[in-house]
Amino acid sequence: MTQADVYDPAEVESRWQRRWDEDRHYDADVREDRPKHYALTMLPYPSGDLHIGHWYAMVPSDARARFMRLRGYNVMFPMGFDAFGLPAENAAIKRNLHPRDWTRANIERMRGQLRRMGAMFDWRREVITCEPAFYRWSQWIFLRFLERGLAYRKAAPVDFCPSCNTTLAREQVQGEDRHCERCDTPVEKRHLEQWFFRTTEYAEELLEYPSLDWPERVKTLQRNWIGRSTGAQVVFRTEAGDAIEVFTTRPDTLWGATFMVLAPEHPLVERLTTPDRRSEVEAYVAQAARQSDVVRETAEREKTGVFTGGHVVNPVNGERIPVWIADYVLMTYGTGAIMAVPAHDQRDFEFARRYGIEIRVVIQDEGGERPSASALEAALPHAGTMVNSGPLSGTPADQAVGRTVEYLEARNLGRAAVGYRLRDWLISRQRYWGTPIPVVHCGACGVVPVPDAELPVLLPDDVEWRPTGESPLKLHPTWKHTACPGCGGDAERESDTMDTFMCSSLYHLRYLNPRAEVPVDPREYDYWMPVDTYTGGIEHATMHLIYTRFFHKACRDIGITRGPEPMIQLRNQGIILGEDSEKMSKSRGNVDAPDALVDSYGADTVRAYLMFFARWDQGGPWSSQGVEGTARWLRRVFALLTDPGRIAGDGGTPGEGAERELRRATHQVLERVTRDFESFEFNTVISALMELLNEMYRLAPSCDTGGAAWQECVDIYLRMLAPVAPHLAEELWSRLEKPYSVHVQAWPEVDAAAAAEDEITLVVQVNGKLRDRIRVPAGIDREAARERALASEAVGRFVSGKAVRKVIFVPGRLVNIVV
RNA sequence: GCCCGGGUGGCGGAAUGGUAGACGCGGGCGACUUAAAAUCGCCUGGCCGCUGGCCGUGCAGGUUCGAGUCCUGCCCCGGGCACCA
């Protein structure tokens, strides 16, 4: 190593990337003799440019995967493109480019950008979701779901985004103003025939996380979303004998029910309405139908409704109570009917007050006076003792729910029941650029599945781009006409396509073998699944991550996956905001691309900087301010390891003390780096490596850089550096003539003896305040420590003349003298 | 309203109940240089009567020999849910 050349990242990085490619260095194959690690990071949408957020998500995931590889695992870290979706269609309309061409060009470009990152992607496993080889299996699985009743079609009021011109799943409608997750436009309600997956069937199972290492935060978000509530279903009967079921979480207040409210859309409204009320009821129903859910589902709105003229009988006391309709009761939750207990439910209270309906108190404070209903200003809390409740009177309120359920079940009047907020997953999209739903509509046979042998149902290329607000598939002159697989007669293809969350539920299974002629390659599945570590943004907590868990379980039930869950460990990176602290978006113009940074500093520096600049789980506003620091660090690594003599000098006599110190620093840092990689604390991995380098610079002049201690330190350093700066580590490893490649070496073992301190700084406190620091032998005992502490001059100033009451000794840490 | 996450120097951040501010950015001083860059060294929470002290982790209390860390009550920022019966 004669030439003390400078670090040229561009040259080093392209050279090693070429070499790794030639060597198929990152190919991951089934190796039964080795433990596997499936590392997965959420695949990007091919928007055309890899931005800083992608790097922030992927680079630490790659470093973690590389760390696992060094720890002896056979690691698979695949990459692909979530290639269906609306932006491609928008590009088509705006620039007259076919979505396929636009998408392909973007993928080309992004592949190049991903390669520059120097990640350990196994490109043989690449998945592109808009290709028939992929979406064929979405279709195949859809058909199995259909057979199993997990996919169904129904007419329902659904959320429609007028800007995206398509329906959305409930999960894609966000916020109080109910806007579209993609474009922020407020959604509208439309009554349409749509395809759904029965996610609610799995609600209970989705609430469980059997030995999953998932962040509590994500689990909480999901539990919130699923919204389980327990109570009872109670059957009321109309005078005509019709049964009306209500769901209530407070069956104990049944005796306080003074009216019933149906959603205006409830099927029995018609039959219940008496002739004299008909015109008023019809007007209200019509008005409610016009009103959007955005308005209807807004709280703090004046509660309105009308009396139907009909009555039902309260099953527990035989009382005849009036039936109203009101738009605060929703057909989409529970049974679309409620029993109203105005004394103990704020909504019912407001309604009763407005329309002068009786309010009856059935729970009263322990020993308190019974509040008079007419004096109430708000609904009463559920605490105290039951009153006015027939057989339940006198029961403590906290036992009343259970007793009522027993009472109802014994008499066959109702039963314990569970309600969920979760809705079935609406998967139909009125868009072109998606997976065609593989069914046909036949006048004679109805909805008929496309036979497996005819899959995939291909998207036609020759469509017309007119921003009509309709899917181009619908306007295609020939595509939709086909023969019915059942009767052979004329039939029409379904022109809706699938939600792209279908693709992202399947992609990790197609990585196993993207060309498999079965949905999931069984051999690869058995070896690699489940995913060991999944990384991605928390914004997917109630969308992708719920869908993919549902999908896995549903696939298990149709026999193509096994085990309860698809992903064992989940970690979320934080969100990188723009430099203006706002969410990065093209429209705001605050999106930062890493390309320029990579040009001037190299990928390794950018990688290190992304791991260093913030806590990975928190993210924050982007700033390239500090990148110079990591660049300097890597230059210093290069300089020291390529020419240690320059720092060491030649005249110095190597000192044993310095080499002992170097070994100590090496093994202490190794311990920290190992721990921090394990727990995804990448920023402290980098600081520890910076610290060790600083120690190496400090000690180099008094070490023999040809000696064992220095060589060990360098060797360990490069193995620790390899996941962070894979190119530079490989370059230095090779220059030191170590066997190719650094990335297949073993992670070093901590030598505890070397890491141990023999002298420590003992903190001396008086009454808990820091007064002195003394250097003492590491194993010092209580007595000796106490003596040394009391001998300190600084301590003397605070202790003299006072009686020592107590001495706290924390071995290896401190002495606290209490006076 | 309910449920999460967070609040530490000028900035990003570090700290198994035990030295608050590691590491880095920025800033200052110095060395090298004709000069600049790069590089190297030192300093860098605030205050005061400055060889020594005092204060300091959103606020107010509490537990403890000792609290950024644990407990109670608040404030602020970010996110989720919300007429869900």
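Below, chains carry the letters A, B, ... as their sequence lines are ordered, and counting in each starts from 1.
What separates CG of A:Asp676 from C1' of B:A22 is a distance of 12 Å, to the nearest Å. Rounded to whole Å, atom P of B:A85 lies 14 Å from atom NZ of A:Lys303. Look at CG on A:Leu634: it is 14 Å from C1' on B:C23, rounded to the nearest Å. With rounding to whole Å, A:Glu539 atom CD is found 11 Å from B:G80 atom P. Look at CG on A:Leu221: it is 8 Å from P on B:C81, rounded to the nearest Å. The nearest whole Å value for the distance from the CG atom in A:Leu610 to the P atom in B:C23 is 22 Å. When the P atom of B:G5 is taken as reference, atom CG of A:Leu577 falls 19 Å away, rounded to whole Å. Spacing between atom CZ of A:Phe247 and atom C1' of B:A85 amounts to 8 Å, rounded to whole angstrom units.
Under the side-chain contact (heavy atoms from CB on, under 4.5 Å) criterion, A:Glu181 pairs with A:Gln172, A:Gln174, A:Met543, sequence neighbours left out. Scored by the side-chain contact (heavy atoms from CB on, under 4.5 Å) test, A:Leu597 finds A:Tyr601, A:Val606, A:Trp622, A:Ser624, A:Val627 as partners (sequence neighbours excluded).
In the set B:G24, B:G18, B:A22, B:A22 carries the atom at the smallest distance from any side-chain atom of A:Ser687. Here the nucleotide nearest the side chain of A:Arg170, chosen from B:G18, B:A14, B:A82, is B:A82. Among B:C65, B:A85, B:U16, the nucleotide with an atom closest to any side-chain atom of A:Arg813 is B:U16. Nearest nucleotide to the A:Thr220 side chain, out of B:A85, B:A15, B:C4: B:C4. Side-chain atoms of A:Met690 lie closest to B:C23 of the nucleotides B:C65, B:C83, B:C23. Distance from the side chain of A:Phe612 is smallest to B:G24 among B:G24, B:G18, B:A85.
Taking atom P in both B:G45 and B:C11, one finds a spacing of 13 Å when rounded to whole Å. With C1' as the reference atom, B:U69 and B:A15 are 9 Å apart, rounded to whole Å. Taking atom C1' on both nucleotides, B:U64 is separated from B:G49 by 34 Å, rounded to a whole Å. To the nearest whole angstrom, the two P atoms, one in B:C65 and one in B:U51, are 35 Å apart. Spacing of C1' atoms, B:C55 relative to B:C4, comes out at 35 Å, to the nearest Å. Using C1' as the reference atom, B:C40 and B:C32 are 8 Å apart when rounded to the nearest Å. Atom P of B:G46 sits at a distance of 16 Å from the matching atom of B:G56, rounded to the whole Å. Nucleotides B:A14 and B:G21 place their C1' atoms 7 Å apart, quoted to the nearest Å.
Glycosidic conformation, B:G30: anti, with the torsion outside 90° of 0. For B:C42, the glycosidic angle deviates from 0 by more than 90°, giving an anti base.
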Give me the distances for all protein-to-nucleotides 48-55 of chain B N/O pairs that come in under 3.5 Å?
from	atom 1	to	atom 2	distance (Å)
B:G52	O3'	A:Arg797	NH2	3.2
B:G53	OP1	A:Arg797	NE	3.0
B:G53	OP1	A:Arg797	NH2	2.2
B:C54	OP1	A:Arg771	NH2	3.2
B:C54	OP2	A:Arg771	NH1	3.1
B:C55	OP2	A:Lys769	NZ	2.9

List every contact pair, protein side and nucleotides 40-42 of chain B side both N or O, where the distance is under 3.5 Å.
from	atom 1	to	atom 2	distance (Å)
B:C40	OP1	A:Arg636	NH1	2.6

Could you go through nucleotides 75-77 of chain B and list every protein N or O atom that sits under 3.5 Å from one of its N or O atoms, giving the distance for each pair?
none

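Atoms OG and CZ, on A:Ser792 and A:Arg771 in that order, are 11.0 Å from each other to the nearest 0.5 Å. Taken to the nearest 0.5 Å, the CZ atom of A:Phe259 stands 6.0 Å off from the CZ atom of A:Phe351. Annotation: the span from A:Thr335 atom OG1 to A:Phe247 atom CZ amounts to 9.0 Å, rounded to 0.5 Å.
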ask   = Which dot-bracket string fits RNA chain B when only Watson-Crick or G-U wobble pairs with both atom distances under 3.5 Å count, crossing pairs get [ ], and | stands for a partner on a different strand?
value = (((((((..(((.....[....)))((((((.......))))))((((...))))..(((((..]....))))))))))))....
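For B:C65, its base never sits under 3.5 Å from the side chain of A:Lys806 at any donor and acceptor pair.
OP1 or OP2 of B:A85 has at least one side-chain nitrogen or oxygen of A:Ser229 nearer than 4.0 Å. Contact check, A:Arg635 against B:U39: a side-chain N or O comes under 4.0 Å of OP1 or OP2. The side chain of A:Arg421 contributes an N or O atom lying less than 4.0 Å from OP1 or OP2 of B:A82. Between A:Arg347 and B:C84, a side-chain N or O to OP1/OP2 separation shorter than 4.0 Å is present. Not one side-chain nitrogen or oxygen of A:Asn224 sits closer than 4.0 Å to the OP1 or OP2 atom of B:A82. Between A:Asn683 and B:A14, a side-chain N or O to OP1/OP2 separation shorter than 4.0 Å is present.
Side chains of A:Pro215 and A:Asn572 form a contact here, defined as non-hydrogen atoms less than 4.5 Å apart. Side-chain contact between A:Met720 and A:Phe677 is absent, with no heavy atoms from C-beta onward closer than 4.5 Å. Looking only at side-chain heavy atoms (C-beta outward), A:Glu539 and A:His544 stay at 4.5 Å or farther from each other.
Within 6.0 Å of CD on A:Glu377 lie no more than 12 heavy atoms contributed by other residues, nucleotides or ligands.
Residue-to-nucleotide proximity on RNA chain B shows that, of A:Arg773 and A:Thr248, the 5′-proximal contact is made by A:Arg773. Map A:Thr542 and A:Asn767 each onto its nearest nucleotide of RNA chain B; the residue landing nearer the 5' end is A:Asn767.
Side-chain atoms of A:Arg347 do not come within 3.5 Å of backbone N or O of A:Lys303 as any donor-acceptor pair. Using modelled atom types, one side-chain atom of A:Tyr717 and one backbone atom of A:Leu689 make a donor-acceptor pair closer than 3.5 Å. With hydrogens and angles ignored, the 3.5 Å screen pairs a side-chain donor or acceptor of A:Asp424 with a backbone N or O of A:Thr199. With hydrogens and angles ignored, the 3.5 Å screen pairs a side-chain donor or acceptor of A:Gln668 with a backbone N or O of A:Ala755. Under the 3.5 Å distance criterion, the side-chain polar atoms of A:Asp252 are left unmatched by any main-chain donor or acceptor of A:Thr404. Looking only at distances, a side-chain donor or acceptor of A:Arg170 sits under 3.5 Å from a matching main-chain atom of A:Val173.
As judged by a 4.0 angstrom heavy-atom cut-off over every strand, A:Gly574 is placed among residues making no nucleic acid contact. Residue A:Arg217 is classed as a sugar-phosphate contact, given heavy-atom separations below 4.0 Å to backbone atoms only.
Using a cut-off of 4.0 Å between Lys/Arg side-chain N and Asp/Glu carboxylate O, A:Arg698 and A:Glu695 are scored as salt-bridged.
Figure legend: cation-pi geometry between A:Arg549 and A:Trp214, with NZ or CZ positioned under 6.0 Å from the six-membered ring centre and within 45° of its axis.
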